[in-house]
There are 2 protein chains.
Amino acid sequence: MKQRLAAIGTVEALPHRVAAFLSREIESGDLNPGSLLPTEQQLSEKFGVSRNVVREAIAQLRADGMVEARQGIGSFVLAPEQRAAIRIDRETLKEGQNMERLFELRCILEAESAALAAERREQEHLDAIKGALDRMSGEERWEDGSIDADLLFHREIARATGNSYIHTFISFVCEQIRRSIYYARQTNPLHDLVEVNVGEHVRIYEALVAGDPAAAEAAMRAHIIGAANRVGVKLPSARGERTGGGK
Amino acid sequence: MKQRLAAIGTVEALPHRVAAFLSREIESGDLNPGSLLPTEQQLSEKFGVSRNVVREAIAQLRADGMVEARQGIGSFVLAPEQRAAIRIDRETLKEGQNMERLFELRCILEAESAALAAERREQEHLDAIKGALDRMSGEERWEDGSIDADLLFHREIARATGNSYIHTFISFVCEQIRRSIYYARQTNPLHDLVEVNVGEHVRIYEALVAGDPAAAEAAMRAHIIGAANRVGVKLPSARGERTGGGK
DNA sequence: GTTATACATATCATCCTACAACCTGAATTG
DNA sequence: CAATTCAGGTTGTAGGATGATATGTATAAC
């Protein structure tokens, strides 16, 4: 029986579609951990693709630690706790794109990170952050450029925490927001969504220079709430004021 | 020129070795973001492997969001902030400080989430959290069961925030830590790493029931610092005390 | 009857060639 | 000069061939 691979939305390459299909079958429990995948031959017949495509698909699953291939036997489905790696991809976050919640998550991550960065920043980090700040307020203030500088500013602060995971997560969330904004601007180009408030950034930078964690956290929280408001997202500020305003 | 691919330790499949090589070249900056990878033909000659192997290697890099292949042109190296996925594998965590950094990230996420959950939790959430708590302290307290219940407890709190992004991220981090512990126990089974402190969990639960955000945040922060210590990770507690102890 | 060896089979791993789909830039043509 | 066509390069897919490895079976030896 030849299975039909649905191409939802964008046209993806065949290996990706096969991998997604198998991945869903594993996640949904149709393929129990410990069981064997069908052979590459069977899969290639089932999906009507070449064995090459099947192999690339399985390579993806293996990279994600979902299966383990053993030469001469087959590919075993691994239990979640046996997997060597886990991942979050954009597609996971696409579902229920909710700007308000995304900003909320960003606020949590960045506010605390700003405090950490204030404690740990070296001169090198301050220079990099200042560089981004200058680009933001400088002449090259055309739309996309200032957004890039804005994101760079935040990424550099995340980097100053010395924690690469924080850097990765914040970069990921910021990029997600940037894409959402970009998309919103295409559907509603009249609304100028790219306004960047330089003053708020300056206050964050000064707190970092001063090495004042509480001030950095408060400034960052105020900035993100402000940024959310500027793109039309009302962030419940109760938590922001409670935690950031105190001290 | 034919490149020699080192097989360090275990014998890995060729695609994995090629992928690891390219991955290192990208991470180290030898291949700048935006630049093109050598063609599959060139790579296959360089490494002395077939184009098929090269393709599987690139498929892995693509799944990790490190490169983007465009038919008719080539494969572009993506900047970290452009990557479509966050991926953490166990090998990374074996390197010294990474576990500490992961706990630090977890602390940031979960502490604030606990505060949010204290404000927003419905009765349904409290019931689910209580259920996990009971499983943790109940008779079915064999090792893995109590770890599962522990993670469930944290996921349910994340769910009570009503923010699916927070839920996704916390699940991700918790799962990663769980696997590291699982792995560590295999290599050193004598050391009992699965000790779960029920008292700390009870205090968090009580703060949630009381609807007290500050108390929930403090209790969560104390718990995660404690959990880190119990697996031998010393978390810099300065931030923890500063933010969590106050009020 | 039990054990040990050899063999056939199944499966993944790798290689090879060929062609299709697609992009780019240069040559051709109007 | 502009538009079209064409040629070359690159990734995507197909299909077959061979090597490496695990498994079960049949045969032979004890």
Side-chain angles (χ1 to χ4, degrees), chain A residues 2-22 26 31 34-78 82 84, chain B residues 2-23 26 31 34-78 84:
Chain A
K2 197 162 159 181
Q3 185 94 25
R4 187 107 192 96
L5 283 175
I8 325 161
T10 62
V11 182
E12 294 275 5
L14 287 179
H16 184 271
R17 276 193 257 170
V18 173
F21 187 94
L22 293 175
I26 291 174
L31 287 168
S35 65
L36 269 152
L37 242 55
T39 69
E40 296 176 354
Q41 186 67 37
Q42 289 169 340
L43 288 174
S44 95
E45 285 169 9
K46 177 178 180 184
F47 295 123
V49 299
S50 77
R51 207 167 75 89
N52 256 333
V53 169
V54 172
R55 279 194 62 79
E56 281 191 36
I58 291 181
Q60 268 180 252
L61 296 184
R62 211 164 28 154
D64 288 350
M66 299 183 72
V67 305
E68 180 187 5
R70 292 232 286 267
Q71 189 168 353
I73 309 180
S75 293
F76 292 90
V77 178
L78 290 180
Q82 295 179 294
Chain B
K2 197 161 159 181
Q3 186 95 24
R4 187 106 193 95
L5 282 176
I8 326 161
T10 61
V11 184
E12 294 276 3
L14 288 180
H16 184 271
R17 277 193 256 171
V18 173
F21 187 95
L22 292 175
S23 175
I26 291 174
L31 287 168
S35 64
L36 266 152
L37 241 55
T39 68
E40 296 175 354
Q41 185 70 34
Q42 289 169 341
L43 288 174
S44 96
E45 286 169 10
K46 178 179 180 183
F47 295 122
V49 299
S50 75
R51 196 165 82 97
N52 233 321
V53 170
V54 172
R55 280 193 61 79
E56 279 191 38
I58 291 181
Q60 268 181 250
L61 297 183
R62 208 163 33 153
D64 289 350
M66 299 183 73
V67 305
E68 182 187 2
R70 293 232 285 267
Q71 188 170 357
I73 308 179
S75 293
F76 293 89
V77 177
L78 291 181

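Numbers restart at 1 for each chain; the letters A, B, ... are given by sequence-line order, proteins then strands. These numbers come from a predicted model, not from an experiment.
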Applying side chain to side chain contact (heavy atoms under 4.5 Å, CB included), can you list everything that pairs with B/A69, at least two apart in sequence or on another chain?
B/R62, B/S75
Partner set under salt bridge (charged side-chain N to carboxylate O under 4.0 Å, His left out) for A/R55, not counting sequence neighbours:
A/E40, B/E56
Reading nucleotides 7-16 of chain C from the 5' end, what letters show protein touch, with B for base, S for backbone sugar-phosphate only, - for no heavy atom under 4.0 Å?
----BBBBBB
Which residues share a side chain to side chain contact (heavy atoms under 4.5 Å, CB included) with B/Q71, sequence neighbours left out:
none
When rounded to the nearest 0.5 Å, the distance separating CG of B/L37 from CE of B/M66 is 10.0 Å
Residues which pass side chain to side chain contact (heavy atoms under 4.5 Å, CB included) with B/L78, listed by chain and number, not counting sequence neighbours:
B/E68, B/Q82
In whole angstrom, give the distance that lies between atom CD of B/E68 and atom C1' of C/dC23.
15 Å
